[in-house]
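Accompanying notes for the structure given below.
One is the number of the first residue; the rest follow in order along the sequence.
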Amino acid sequence: QVQLVESGGGLVQAGGSLRLSCAASGRTVSRYTMGWFRQAPGKEREFVAAINWSSGNTLIPESVQGRFAISRDNAKNTVYLQMASLQPKDTAVYYCAAGVVLTARLGDYDYWGQGTQVTVSS
């Protein structure tokens, strides 16, 4: 079992930046890939970034490349999503997830946090 707790969401103006955190606990988290997804009202949950905890390899879709970055702090068992040049279209609930493989597939992630709201005003 892996427990995930997101934090760092909030209200930001367009063009601003925000860093989300995901604190992981439970089973050996270093064995997992950590992913970030987001879900806007009325839309499907969308992949935004992932990182393999042990190798540090990352996966970021073209839709947010150059604006979003993912990193980890092994000592704190925490994964970060750094978001820059935020736009109103980035408004969503952002979820942290843990899975076995480095993938964008939502169904490959076994554990999920409760989500944190990010709202970008124009």
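For E6 (side chain) and C96 (main-chain N/O), a donor-acceptor pair under 3.5 Å exists by modelled atom type. Using a distance-only test at 3.5 Å, with no hydrogens or angles considered, no donor-acceptor pair links the side chain of R45 to the main chain of Q39. Checking side-chain atoms of T103 against main-chain N and O of V101 turns up no donor-acceptor pair under 3.5 Å. For the pair Q87 (side chain) and A14 (backbone), a donor-acceptor distance under 3.5 Å is absent.
No hydrogens or angles considered: a donor-acceptor pair under 3.5 Å links the side chains of N74 and W53. Donor-acceptor pairing under 3.5 Å is recorded for the side chains of S54 and N52.
Side chains of V118 and L20 form a contact here, defined as non-hydrogen atoms less than 4.5 Å apart. The shortest side-chain heavy-atom distance between L81 and V48 falls under the 4.5 Å cut-off.
A tilted orientation is assigned to the rings of F68 and Y94, their planes being inclined by 30° to 60°.
A pairwise comparison of heavy atoms in I70 and M34 identifies CD1-O, 3.8 Å as the closest pair.
More than 12 heavy atoms of other residues, nucleotides or ligands sit less than 6.0 Å from atom CD of Q65.
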Exercise. So Y80 and R19, side-chain hydrogen bond (donor to acceptor under 3.5 Å, both in side chains) or not? Walk me through it.
Worked result: CA-CA 7 Å; Y80 302 100; R19 188 179 78 162; 4.6 Å; no

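Aromatic ring centres of F37 and F47: separated by under 6.0 Å.
Under the 4.5 Å side-chain heavy-atom criterion for ILVMFWY residues, no single connected hydrophobic cluster contains both V79 and Y109.
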